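Here's the structure we're looking at; comments come further down.
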Amino acid sequence: MEDEGKAAARRQFLFDTAKVACGVGMLGLGLGLYTRHAGALPPTAVRPPGARPEPQFLGACIRCGMCVRDCPYHILDLAKPEQPIAAGTPYFVARDGPCEMCEDIPCVKACPTGALDHKLTEINKSRMGLAMLVDHETCLNFLGLRCDVCYRVCPLIDKAITLEQQHNPRSKHAMFIPTVHSDQCTGCGKCEHACVLETAAIRVLPRQLAKGELGGHYRLGWEEQKKVGKPLVEGIIDLPDRVPESPK
Amino acid sequence: MKQDAGAEAVRARGWLRTHQWLLARRASQFAVLALFLAGPWFGYWLVKGNLNYGLTLGVLPLADPYVLMQSLAAGHRPERNALIGAAIILVAYFLAGGRAYCAWVCPVNVVTDAAHWLRARLGVRGSARLSHATRYWILAMTLALALITGTIAWELVNPVSMLHRGIIFGMGAGWIIVAMTFLLDLFVAERAWCGHLCPVGAFYSVVGKFSPLRVSAVRRAKCNDCADCYAVCPEPLVIKPALKGADHGIGPVILSPHCTNCGRCIDVCSKDVFAFATRFSNRGEPQANDQRPATRSAEAPVQLS
Ligand code: SF4
Ligand code: SF4
Ligand code: SF4
Ligand code: SF4
């Protein structure tokens, strides 16, 4: 009799445990799936300087807001739960207010966890994103004007962004194309913020969205040749270039 | 639920003395909030940050060990300040009783206490059966999730940090999660959140498993079985062993880590049975030290009648 009672109690205990485990398991599954959604940072949101790549950042940032507090230009904000950014994590929107590139990088210094990597000590080495001239149809310089605003506001003018001269087939004048160089651009967003259009033609995008990647087996002949210091294949005859005769 | 819990004590000792720990607790909860808000609202930056990490007067770091543990599980090694802050908090709550965090600091406690009060006022009956151990399962689940996803997943929905961060940095739709917690406690189950589900509370109960500061039923021989203490206790299960354990050789100190050290039982007992004590006072014959206080607490009803 007593043994039976004990067995029944034990069974009930197992059932209860299974119930709780199932419930919590479901909750965990739901939260886990939600995590995958919340882990995708929308392209308009830029992380502060030194931020580790997502999703490492989401494992490191404890949502304390110290970086937000110590940013002297108040550009940072913590995401609200309804935003498509992981709740409580810091971000800024370049079009509303770009990173002013503080030399002492107070946001990184304030971060207690290293979600903003303390190894970043030179602000020009930060890689918050990559500016891209995304719209060649509305950019005023592409239309042949000399707006140049994005170029002029860049803290790394002539390094991160240059004006490349091109022939304008429409007016026979020159076009000066703002051209961003990914090895120098910090993603501060000053260019996007300053763009005079209603909607910016130049934008800071997450690097992985903005950057292509060559296959690992690609070799650039001219670079290889420079490395070797002589023609890569010996004995290739360099024929004279033939230029068509110009019509009289 | 008993509605007039504490009425007897009010008659015996007056309103103020029957609410002193409750008032102290609310004062503490709002003072913590006020310290964090003095900066953003009035420009006095005494404390920066929020409950997950705060820097006091620019020198003292305090960090929530639970969120940091998730970060560790997610594979990140935090910088020194966060680790120091978490260590200080661990020691502090170990000493003060782990779940003192719940009773004296956590902003959600005000919400769930309000829900509990309203539940009694409205006479809401019926309560979903939840196991008190569910919180440990959820605690384990949040850590496992951090490990698997490599992110601090729980922070996406945690009502505790949602509310505290929201008040300081802007609430947004965080209200919805807080409101859900309130409604859960109001309609679904009595003390559902803090008493059964919250992994933050579960974490701090582990921290305080061996805390020296405890509530004790020091004068339990005086108990007149009015059950007021059970009615006000956020974790009523913790009281019985200490209060009624004399015959089974159980000491008077409430040793359960679920006790939040809120002191509400001390407030409402008309017989002055409870008092703050240390866990070390649990030794020896529990009735032995009852003599002197017993005579003192017996005076009150006599004066009144
Ligand atoms: S570098 Fe300066 S402006 Fe930019 S986010 Fe950090 S604190 Fe703000
Ligand atoms: S200071 Fe660091 S941990 Fe805190 S919110 Fe900013 S990035 Fe996250
Ligand atoms: S984001 Fe724009 S302004 Fe900033 S460094 Fe890059 S090109 Fe220059
Ligand atoms: S159980 Fe959770 S929500 Fe309730 S008071 Fe404790 S930490 Fe706060």
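Fair warning: this is a prediction, and the values are worked out from it, not measured in the lab. Chain naming here is simple, since letters A, B, ... match the order of the sequence lines and numbering starts at 1 in each.
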Between [X] and [Y], is any pair of side-chain heavy atoms under 4.5 Å apart?
X	Y	answer
Arg129(B)	Asp16(A)	yes
Thr17(A)	Trp137(B)	yes
Leu156(B)	Arg63(A)	yes

Close contacts, residues 82-91 of chain B versus chain A, judged by heavy atoms under 4.5 Å: Ala82(B)
Is it the case that atom [atom1] in [X] sees more than 12 heavy atoms from other parts of the structure closer than 6.0 Å?
X	atom1	answer
Lys244(B)	NZ	yes
Leu33(A)	CG	yes
Lys240(B)	NZ	no
Trp175(B)	CH2	no
Tyr44(B)	OH	no

Report which part of [X] has an atom under 4.5 Å of a heavy atom belonging to chain B: side chain, backbone, both, or neither.
X	answer
Ala115(A)	backbone
Leu78(A)	side chain
Cys67(A)	neither
Arg36(A)	neither

Check: [X] side chain, [Y] main-chain N or O, donor-acceptor pair, under 3.5 Å:
X	Y	result
Thr151(B)	Pro55(A)	no
His76(B)	Thr113(A)	yes
Asn52(B)	Ile62(A)	yes
Glu79(B)	Gly114(A)	no

So for [X], is it side chain, backbone, both, or neither that comes closer than 4.5 Å to the heavy atoms of chain A?
X	result
Trp154(B)	both
Thr149(B)	side chain
Ile152(B)	both
Leu51(B)	neither
Ala153(B)	both

Taking a cut-off of under 4.5 angstrom between non-hydrogen atoms, the residues of residues 182-199 of chain A near chain B are none
Leading residue by heavy atom contact count with chain B [cutoff under 4.5 Å; candidates Arg52(A), Lys19(A), Gln83(A), Gln56(A)]: Arg52(A)
Partner chain B: residue of Gly28(A), Gly65(A), Ala60(A) with the largest heavy-atom pair count (under 4.5 Å): Ala60(A)
For chain A, which candidate among [options] shows the most heavy-atom pairs at distances under 4.5 Å?
options	answer
Gln70(B), Met171(B), Arg80(B)	Met171(B)
Ala74(B), Ala140(B), Pro78(B)	Pro78(B)
Ser161(B), Ala73(B), Gly172(B)	Gly172(B)

What is the distance from atom OG1 of Thr35(A) to atom CD of Glu155(B), rounded to the nearest 0.5 Å? 11.5 Å
Once rounded to the nearest 0.5 Å, what's the spacing between atom CG of Asn81(B) and atom SG of Cys64(A)? 10.5 Å
Cationic tip of Arg69(A) within the cone over Phe169(B)'s six-membered ring, i.e. under 6.0 Å and within 45° of the normal? yes
Heavy-atom pair with the smallest gap, counting every atom of Val20(A) and Ser131(B): CG2-CB, 3.9 Å
Taking all non-hydrogen atoms of both residues, which atom of Gly174(B) and which atom of Pro81(A) are closest, and how far apart? N-CG, 3.4 Å
